[in-house]
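Worksheet: one structure, shown below.
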Amino acid sequence: MKITHAYAAQDAKSKLAPFEYQPRALRHHDVEIEILYCGVCHSDLHQARNEWRNTIFPVVPGHEIVGRVTAVGGHTQKYNVGDLVGVGCMVDSCRTCPSCQEGLEQYCENGFVGTYNGEDRETKAITYGGYSTSVVVHEDFVLKVPANLDPAGAAPLLCAGITTYSPLHHWGAGPGKKVGVVGLGGLGHMGVKIAHAMGAHVVLFTTSPSKIEDGKRLGADEVVISKDADQMAAHANSFDLIVNTVAAQHDLNPFITLLKRDGTLVLVGAPEHDHPSPQVFNLIFKRRSVAGSLIGGIKETQDMLDFCGKHNIVSDIELINMNQINEAYERMLKSDVKYRFVIDIETLRNASSAA
Ligand code: NAP
Ligand code: ZN
Ligand code: ZN
């Protein structure tokens, strides 16, 4: 089988650089996908730099994949050669535990297999992600991408989209609900678009005054500069739900104070260092909750893609060449992305065939 060309980090301190590997031979239910676009998630950066202390090197990041099916295994039923498909953060799970049976594979009690930095359940080989020319995935973990969506803009839906859609849906964002989104990065801008499309009253919290106009354009009814205590105080006790996408450690209390009685602050940002523990009295006096949420299940991811197809929602992207990835990571660390980098994988294919 042909070699897969990719970009990998060899250790936590190295830049990403060209790498090659032999893909697995197609199993009966596998789908081989020629990757067209791959989004750049802050989780890729956390893992390339071993900030979660569980990275197996070399690591090929990338879990916002859109591509075309180029081959299928003998028993594959869901996909045909030529289909436009997506792959998100998971490529397998045990399928038998209560969470898998409920379609919540991301909470698999035996651990889901990550699209990268995961371990194949059969061979124990380490999985490699979407900064690659192709990927081989079991059909049950492949998604259909609606034909009306721009494929490059759709790639970030596979992680940023589902990670915000899932808590918004679970906690009932919709008409009559006041919903906050903290941080206007990759996840945050999808959260604003999706919460707006669900019909909620959306308030964006940002640390960047330069993002106010964009926040409104993307669907926020109001934008609050979270460092401004007076602006924050004006929203005290008023939110049903706040989804916090911030990728760095910070004080949660100023956001908890904004929740109504029984309101929920959902953490989806996964920083290297934990946030300081919130004040207990700030929770118990209004029966407020602080919760967490992890990506979304496969069925829910398809529902999200169909929802985005119906509402014509894609990510606002900056398309980059594969060899610009290290620069993109530096800009992401400065919150300088509008609002998701997406790698044009054709540039990797071309560079590899020229070499
Ligand atoms: P991103 O594009 O870098 O966006 C993060 C945003 O957070 C920034 O744009 C910035 O927004 C804000 N921010 C950054 N540093 C901050 C600081 N020190 N204080 C306050 N605000 C700050 O990252 P992303 O790709 O959206 O990912 C966000 C986080 O979610 C990452 O930790 C990632 O690993 C995690 N994640 C979790 C899941 C899950 O399943 N739970 C899935 C995917 C990603 P403003 O400029 O508007 O303030
Ligand atoms: Zn991600
Ligand atoms: Zn399971």
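Ligands are counted one by one from 1 in listed order, and the atoms in each one are counted from 1 as well. None of these values were measured; they are calculated from a predicted model.
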His46 and His42 aromatic ring geometry - parallel, tilted or perpendicular at 30°/60° bounds: tilted
Rounded to the nearest 0.5 Å, what separates atom CG in Leu267 from atom CG in Leu252? 5.5 Å
Measure the NZ-CD distance between Lys299 and Glu102 for me, rounded to the nearest 0.5 Å. 12.5 Å
For the residue pair Phe239 and Phe205, does the interplanar ring angle fall in the parallel (under 30°), tilted (30 to 60°) or perpendicular (over 60°) class? tilted
Under 2.8 Å from the Zn ion (ligand 2), protein N/O/S atoms total 3
Any pair with a residue in residues 172-190 that passes side chain to side chain donor-acceptor pair (under 3.5 Å), sequence neighbours left out, goes on the list, sorted by first then second residue, please. Lys178-His235, Lys178-Ser238, His189-Ser315
Using the six-membered ring of Tyr7, assess whether NZ or CZ of Lys15 lies under 6.0 Å from its centre and within 45 degrees of the ring axis. no
Interatomic spacing from CG in Asn117 to CD1 in Ile56 - rounded to 0.5 Å: 5.0 Å
Using 4.0 Å as the upper bound for N to carboxylate O, is an ion pair formed by Asp306 and Lys310? no
Pairs under 3.5 Å, N/O atoms on ligand 1 and on the protein: can you put them in a table with the distances?
{"residue": "ligand 1", "atom": "2 (O)", "partner": "Gly186", "partner atom": "N", "Å": "2.9"}
{"residue": "ligand 1", "atom": "3 (O)", "partner": "His42", "partner atom": "ND1", "Å": "2.7"}
{"residue": "ligand 1", "atom": "9 (O)", "partner": "Lys211", "partner atom": "NZ", "Å": "3.4"}
{"residue": "ligand 1", "atom": "11 (O)", "partner": "Leu184", "partner atom": "N", "Å": "3.3"}
{"residue": "ligand 1", "atom": "23 (O)", "partner": "His42", "partner atom": "ND1", "Å": "3.4"}
{"residue": "ligand 1", "atom": "25 (O)", "partner": "His42", "partner atom": "N", "Å": "3.0"}
{"residue": "ligand 1", "atom": "25 (O)", "partner": "Arg340", "partner atom": "NH1", "Å": "2.6"}
{"residue": "ligand 1", "atom": "26 (O)", "partner": "Gly186", "partner atom": "N", "Å": "3.3"}
{"residue": "ligand 1", "atom": "26 (O)", "partner": "Leu187", "partner atom": "N", "Å": "2.8"}
{"residue": "ligand 1", "atom": "32 (O)", "partner": "His46", "partner atom": "NE2", "Å": "2.9"}
{"residue": "ligand 1", "atom": "32 (O)", "partner": "Ala270", "partner atom": "N", "Å": "3.0"}
{"residue": "ligand 1", "atom": "34 (O)", "partner": "Ser43", "partner atom": "OG", "Å": "2.8"}
{"residue": "ligand 1", "atom": "34 (O)", "partner": "His46", "partner atom": "NE2", "Å": "3.2"}
{"residue": "ligand 1", "atom": "40 (O)", "partner": "Ile295", "partner atom": "N", "Å": "2.8"}
{"residue": "ligand 1", "atom": "41 (N)", "partner": "Val268", "partner atom": "O", "Å": "2.9"}
{"residue": "ligand 1", "atom": "41 (N)", "partner": "Ser293", "partner atom": "O", "Å": "2.9"}
{"residue": "ligand 1", "atom": "46 (O)", "partner": "Ser208", "partner atom": "OG", "Å": "2.5"}
{"residue": "ligand 1", "atom": "46 (O)", "partner": "Lys211", "partner atom": "NZ", "Å": "2.7"}
{"residue": "ligand 1", "atom": "47 (O)", "partner": "Leu184", "partner atom": "N", "Å": "2.7"}
{"residue": "ligand 1", "atom": "47 (O)", "partner": "Thr206", "partner atom": "OG1", "Å": "2.5"}
{"residue": "ligand 1", "atom": "48 (O)", "partner": "Thr207", "partner atom": "N", "Å": "2.8"}
{"residue": "ligand 1", "atom": "48 (O)", "partner": "Thr207", "partner atom": "OG1", "Å": "2.5"}

So, Arg49 and Glu330, do they make that salt bridge, N to O below 4.0 Å? yes
For the rings on Tyr128 and Phe19, is their centre-to-centre separation under 6.0 Å? yes
Does one side chain, of His169 or Asp303, offer a donor that lies under 3.5 Å from an acceptor on the other? no
Ion pair Asp83/Lys78, N-O distance below 4.0 Å: no
Below 2.8 Å, which protein N, O or S atoms neighbour the Zn ion (ligand 3), ignoring water? Cys94 SG, Cys97 SG, Cys100 SG, Cys108 SG
Can you name the one residue among Gln77, Glu139, His138 that meets side chain to side chain donor-acceptor pair (under 3.5 Å) with His29? Glu139
